[in-house]
Protein chains: 2
Amino acid sequence: MISHRPERLFEHERHSEAANRKSDIRGTYDERLNRILEAATGLIARVGYGRASMRAVAKEAAVSLAGLYHYFDSKERMLFLIQTRAFNSLVNNLREKLLGVTDPVEQLRVMVRAHVGHFAANMAALKVCSHELDSLTGAAHDEARRLRRDYYDLTRGIVDRIYDEHTPESTLDRHVATMCLFGTLNWLYRWYDPKRDRSPTTIANQISSQFLHGVLGVSNRGC
Amino acid sequence: MISHRPERLFEHERHSEAANRKSDIRGTYDERLNRILEAATGLIARVGYGRASMRAVAKEAAVSLAGLYHYFDSKERMLFLIQTRAFNSLVNNLREKLLGVTDPVEQLRVMVRAHVGHFAANMAALKVCSHELDSLTGAAHDEARRLRRDYYDLTRGIVDRIYDEHTPESTLDRHVATMCLFGTLNWLYRWYDPKRDRSPTTIANQISSQFLHGVLGVSNRGC
DNA sequence: AATGACCGTATGTACGTACGTTCGGTTTTT
DNA sequence: AAAAACCGAACGTACGTACATACGGTCATT
């Protein structure tokens, strides 16, 4: 079913046309949508998607219940937007930081640093992404999986190159190795507390080092 | 509020007293409770706790909706029982397998093998444990956390001993190392498919090796 | 310059439903 | 006959969503 409601595509057509004219007191359409999505993200991260009622989201975002449905046509669509934005931002950020880095070992360090850093800066969003993938269904679920798949492929490519360059004869399963890394990274939301624990950079360094030593079997600095 | 419904305590008081007199009652009661909990576990693992309605659980377990409430006084209590049983079984199994193993490196191998093996044999239950901790509230939540804490302490002890014996001067954070391991293990439910992937033993070996190389920085076999 | 059609934004309210839980009673077991 | 196990039917509620409406701008027409 195709919605007749607005929900414009960001950074696409209609954007300039509408935004150029006037930036309201309450901000542009995208700004307001962002504000709402951020409020929703925080609430969902706190209580879970199932228990985050649209009424509670509305209260959190300081809009009326009906007002929410001006920005998306269903609760699931809202969750989809949250996940899509977070993941796109994660992947784009990573792609950008990888520019010019050719050594695969360094690429992995960059990838882990980018992930942990992005996590520390957007904890709620990444928590929602880690926890609520299966709350999406149908096409939205497929699309969310596709985004994850891109991220996996990117990382898997780095892992492959590390193996090929350093231990091409290794019998370790590269898929398993990659999933172990993702497990380590995606589990962060269960325990990492930036107030209590060490800095994201420190954590990232330890994770990188452990992973690299783990797959290479030896230190990559000297030894 | 204290329930007046049955829900006997397993392996506690009442056990001998009741079991000696009429062993088949207790047996059948627990068997039936188990059957119900297993059905619920499978459903919750499939669709999530929030979307697993008591009506659906009842259908899955082939009992009436009201009949469920003969075994526990609330949905949350049901989830609590599922998690408690799975975790107790996990920890007891591990404690047993650790008997007589003194080398901490070997202890870690045993721990990982036990976890992966237990996971492969009880995927639904461990998936629920990994995913639905926060669906518990109040005292049940505290108790579930306590069980996890025991598991953490057990593992952390092994990690500590590995560090102390092999790299006492290492600056790696042992808490972070332990949480990375848990991340790797607890993320299994997101990707591991026993039909598609290698055997649990193979996976466990790779995880152990990677982790050990990771924290030791060198191979523990030769090198 | 005034008018009026139109659109985007926002709201209050109500509908239908699915949920967790309870109650009173019936069947089954001991 | 007492107790345990189980059930059908209902209750109250909270939820996602739809509907009817209103306000304030924009813009083409007058």
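Reckoned from all heavy atoms, side chains included, excluding hydrogens, waters and symmetry mates. Every chain is numbered from 1, with letters handed out A, B, ... down the list of sequences.
- In this structure, B:M54 atom CE and D:dC11 atom P are separated by 21 Å, rounded to whole Å.
- A distance below 6.0 Å separates the ring centres of A:H175 and A:Y152.
- The A:Y69 side chain lies nearest to D:dG16 when the options are C:dG20, D:dG16, C:dT9.
- Of the possible polar contacts, one joining the A:Y192 side chain to the A:R198 backbone as a donor-acceptor pair under 3.5 Å is found.
- The phosphate of C:dT9 (OP1 or OP2) has a side-chain N or O of A:R32 nearer than 4.0 angstrom.
- Annotation: B:Y71 is in aromatic contact with B:Y29 [ring centroid separation under 6.0 Å].
- Separating the CE atom of B:M78 from the P atom of C:dT21 is a distance of 9 Å, rounded to the nearest angstrom.
- For the pair A:L79 CG and D:dT17 C1', the interatomic distance rounds to 17 Å; values are reported in whole Å.
- Atom CZ of A:R55 and atom P of D:dT13 are 14 Å apart (whole Å).
- Checked against C:dT21, C:dG20, D:dG8, the side chain of B:S53 finds its nearest nucleotide in C:dG20.
- Between the CG atom of B:D73 and the C1' atom of C:dC23 there is a distance of 16 Å, given to the nearest Å.
- Nearest nucleotide to the B:A66 side chain, out of C:dA10, D:dT17, D:dC7: D:dC7.
- Using a 3.5 Å distance cut-off with no hydrogens or angles, the side chains of B:E76 and B:S135 do not pair a donor with an acceptor.
- Among the nucleotides D:dT17, D:dA10, C:dT11, the one closest to the side chain of B:L65 is D:dA10.
- Rounded to an integer number of Å, the gap from CZ of B:F72 to P of D:dA5 is 14 Å.
- Distance NZ (A:K59) to P (D:dA14): 12 Å, rounded to an integer number of Å.
- Note on B:A52: only backbone sugar-phosphate atoms sit closer than 4.0 angstrom, heavy atoms only; bases stay farther off.
- Comparing C:dT9, C:dT21, D:dC6 by their nearest atom to the side chain of A:H70 picks out C:dT9.
- Residues A:T184 and B:T184 have side chains that bring a donor and an acceptor to within less than 3.5 angstrom of each other.
- One can place CG of A:D30 at 15 Å from P of C:dG8, the figure rounded to the nearest angstrom.
- Not one side-chain nitrogen or oxygen of B:Y71 sits closer than 4.0 Å to the OP1 or OP2 atom of D:dA5.
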